[in-house]
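The next block holds one structure in the form of C-alpha cells; read it before the comments.
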Amino acid sequence: MPTITLPDGKNLNFSKDVNGLEIAKKISKSLSKHALVMSVDGELKDLYFTIKNDCSVKIFTSKDPEGLEVIRHDAAHIMAMAVQELYPGTQVTIGPVIENGFYYDFSRKEAFTSDDLIKIEKRMSEIIDKDIKTKREVWDREKAISHFNKIGEKYKAEIIESIPKNEELSIYYHGDTWHDLCRGPHLVSSGKIGKAFKLTKVSGAYWRGDSKNEMLQRIYGTGWASQKELEEYLKRIEEAEKRDHRKLGKEMDLFHFREESPGTVFWHEKGWSLFQKLINYMRAKQDAAGYKEVNTPEVLDRLLWEKSGHWEKYGENMYTSQTPDEKVFAIKPMNCPGHIQVFNQGLKSYRDLPLRITEFGKVHRYEPSGALHGLLRVRAFTQDDAHIFCSEDQITSECLNVTNLILDIYKDLGFENVILKYADRPEIRVGDDKVWDKAEASLLEAVKATKLKYTINKGEGAFYGPKVEFVLRDAIGRDWQCGTIQVDLNLPGRLNASYVDKDGTKKVPVMLHRALFGSLERFIGILIENYAGKFPFWISPLQTVVIPISEDFEEYALKVSKEIKKVGISSEVDLKKHNLNYKIRDHSLAKIPLLLICGKKEVDSNSVTIRKLDSKKQENMELKTFLKKYSALNKASLN
RNA sequence: GCCCUUGUAGCUCAGCUGGUAGAGCAAUUGAUUUGUAAUCAAUAGGUCCGCGGUUCGAAUCCGUGCGGGGGCACCA
C-alpha cells in the first residue's frame, strides 16, 4: 500500500502496487496522456515500473528535459530497429542521446548513403505509427552474452562483458522481437516519440572512441518534442551556416586557403587590415598593462627543443627543417622557450619581477589533416602570447591582472558572456606536490576573485601546472575556448632561468603562460561568425565607401575620401559606371558599415550623406563634423 | 590519421544512362549620368583538380594522388 509523494508535497495513497501510468491517471487526464517517464526517489524509471513502497514520484512530459531525453533515446532505438529491418546483417553497438538529438553506431560492410537515411526515416515513421509496445526484461549475464553472440551481435556481447558483474542487465523489447541491451528508461510505446525528428548525417566513428579500433558507421539524428521546435532547430543550423567564416571570408575578400599549403592562411588586404587592427589594439592594451613586446626566432635548433621537452612530447606535431650543413632545426610550435632565452639575458633580480614578455608570435603545428577547419583550426597561426616571470607570491595578483585584461578585451570586442574552466593537477605531472598546492590555490583564488561562473575540470591541467581557460559565448549561443592562463613550474628550471632573491640566493621563477585570444586567426574566424561579417565600425576592414551620384561629383568624392583617410579611417571611392541603387546594393552586400553619398547637395554644402549598413535612414552631415565624430569613434577602444 | 562525401569559367552552380561543355552574377566594351538594395546591349572567358587505366571516344566509368566538406580520433 504505497504512499506516493508528489513534487508539490501532496500525497497519494494507493491500496495496491502501482505504476507511473496509474499515478499519472490519478493526477489528471491530460498528464496521463502526456506522461513520458518518471523519477522514483530521484531515479528515472519506465512509467510501467511497479512501485511497491512509499516514495516520491515526479512525472515528466516532453516539456521537461528528462522527457525530451527519453524521446531522443527511443528515437535512437527505433532507428536501430529500422536499420536492422532494412539492412539485415548490420550489427548494433551503442546509441546515446546527445545535445539536440541522438546517434547510433552500426557495424556494416556497405556504407550508408543519404538515400538510405531517407529510407530509414520512413521506416521509423511506420514503426512509430504502429505504436508498438515497449517491454523491459532483466536477463542473466551469461544468458545475455551467449544470446547476443548467437545472434551475431558481437559488439553487444562485448559491452555486456565490460559491465560490472553486480549491475542488473536490462533488455528492452520494442514490439515482440526487436530488442536491445539498454539501461533505459524508455517510453511506453513507439508512438510517444512523435514525428519531430530527422536523420541528419552519417559519418565514421571508432568503436569505443579509440582510433586503434575499427571504424563504425554513425547515423546522427535530431529529435524534438514538437514539429515547431524541430523547425526552429533546423533554422538555427541554417543561420549558423550563413555565418560560416569560410564562406564570408571568401565573399568579403578577407583571405583564402590553397592546396599548396593546407591549413595556412593567405590574408588579403582587407583581412590583413582587420588582423593589424586587432594587434594594434592589443598592443595598446598590453603596453598599459606593463608588458614588454619582443620578437623571437621562428626556427630554433633541435637541441633547444630537446632540452625544453617539446621534442620528446610534441615532436610529432612539429615541423622541422634541415639545413645544408645537416643540422636539424624546428619551426617553433610555441614561443615559451624563446621567451625564456630573452629572460635569461643578463642577471635578473627579484626587483625585475614580475617581468611580462609578450610576442605576437607565429607558430607552426602539424595538425592532423582531418582536424583542419578554416581559420578555426590551422597549421600556422599567430598567438597573442605572453610569459610572465614572477615569484610564487605574485601568482595570484598576476593571474588576476591577466583575467581583468582578458575580460576587458573581450568586452571591447562584444563578448560579455564569459565563463572559466579551471583545471588542476593531472596524474602524470612534474614538480613537488607542495608547489602544486600553492600554484593551484593561487590560481583558484584568482578565478574566484573574477566572480565569473567557473567549472572545475579535475585532473585536466597541463603536466607542468594548473590552468584556466576562458570560454566566451557568441551571438548565436555557441561557446568558444579562447584565452588561457597556465602556471608553469617546470620549464623555467629546465631552461635554467633564475633570479637573485632578496636574501641573495638564486631562485627559479614561476612562469605564467597566457594568451588573450589564443590564436589571432581563430579569433578572427569567431569574430566573423559572431558578427555575421558585419563588424563594428572600428575594426571593419573597409570602413567607408564614397559614392558619387554621377560623374560630375567624382572629384568631390575623391576629395572626401582623401580627407577621411587622413584621419585614419579607411575609405574607397566607387567610380564604377553604375547607378546609385546598384552601388548601394553592392556595398551593402559587402557589409561596408558606412556609405557616403555625394551629389549636388553635398558639394554645395561641403557635406556627406551617410547611409549606415542595414538602415534606410539617411543622415546629412558637414564633412568637418563627420570627420570629428567618426575619428573619435574609431579610436574609442584604444584608450 | 580514419570513415563517408566532394572537386566544371573569378563566384554560385547545371551538365540524364560515356559522343571533347552551359546558365546567372562578376569582368571587358558601348549606350545611359542616374538621389538610397540589381539600367540596357554586346564581347570575352574553361588542362572539366593532377596522374594512370577501360573505351573508337571520358567532365561523365575504374584506380591512385592532392585539396575541400561532414563526422571520429587529435587539439601540448
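Proteins come first, then strands; the chains are lettered A, B, ... in the order of their sequence lines, and each starts at number 1.
- Of the residues near RNA chain B, A:F463 and A:F112, the one whose nearest nucleotide (by heavy atom distance) lies more toward the 5' end is A:F112.
- A:R218 comes within 4.0 angstrom of sugar-phosphate atoms only, judged by non-hydrogen atoms across all strands, and of no base.
- No hydrogens or angles were tested; on distance alone, nothing pairs the side chain of A:R208 with the base of B:A73 as donor and acceptor under 3.5 Å.
- For the pair A:K201 and B:G71, the criterion of a side-chain N or O lying under 4.0 Å from OP1 or OP2 is met.
- To the nearest angstrom, C1' of B:A37 lies 11 Å from CD1 of A:I547.
- Between A:D210 and A:P262, the residue anchored nearer the 5' end of RNA chain B, judged by the nucleotide with its closest heavy atom, is A:P262.
- A cation-pi arrangement is present between A:R108 and A:Y87, with the terminal nitrogen or guanidinium carbon under 6.0 Å from the aromatic centre and inside a 45° cone about the axis.
- Residue A:E602 is classed as a base contact, given a heavy-atom separation below 4.0 Å to a base.
- Stacking of A:R379 on the aromatic ring of A:Y366 is recorded, both the 6.0 Å distance cut-off and the 45° axial limit being met.
- Interface remark: the A:Q217 side chain does not form any donor-acceptor pair with the B:G71 base, using a distance-only criterion of under 3.5 Å.
- Both distances falling under 3.5 Å, in either a Watson-Crick or a G-U wobble arrangement, place B:C25 opposite B:G10.
- Between the side chain of A:R377 and the base of B:C75, at least one donor-acceptor pair of N or O atoms lies under 3.5 Å.
- The base of B:G71 is not paired with the side chain of A:Y206 by any donor and acceptor separated by under 3.5 Å.
- Under the Watson-Crick or G-U wobble criterion, with both distances below 3.5 Å, B:G1 is paired with B:C72.
- Taking the six-membered ring where tryptophan is involved, the planes of A:F257 and A:F255 are perpendicular, since the angle between them exceeds 60° and thus also 30°.
- Base contact: A:A371 has a heavy atom under 4.0 Å from a base atom.
- As the counterpart of B:U39, B:A31 is assigned, both hydrogen-bonding distances of the Watson-Crick or G-U wobble pattern falling under 3.5 Å.
- No side-chain heavy atom of A:T264 sits under 4.5 Å from any side-chain heavy atom of A:V378.
- In this structure, CD1 in A:I219 is found 9.5 Å from CG in A:D105, a value given to the nearest 0.5 Å.
- Among the heavy atoms of the strands, none lies under 4.0 Å from A:E367.
- A:K583 comes within contact range of no nucleotide atom at all, as no heavy-atom separation falls under 4.0 Å.
- Between the side chain of A:R522 and the base of B:C75 there is no donor-acceptor pair of N/O atoms closer than 3.5 Å.
- In this model, the phosphate group of B:G1 is not approached by any side-chain N or O of A:S211 to a distance below 4.0 Å at OP1 or OP2.
- Across all strands, A:L589 comes closer than 4.0 Å to base atoms (heavy-atom distances).
- Between B:A26 and A:Y582, a contact under 4.0 Å exists linking OP1 or OP2 to a side-chain N or O.
- Checking B:G46 for Watson-Crick or G-U wobble geometry (two distances, each under 3.5 Å) identifies no partner in any strand.
- The side chain of A:N579 contributes an N or O atom lying less than 4.0 Å from OP1 or OP2 of B:U39.
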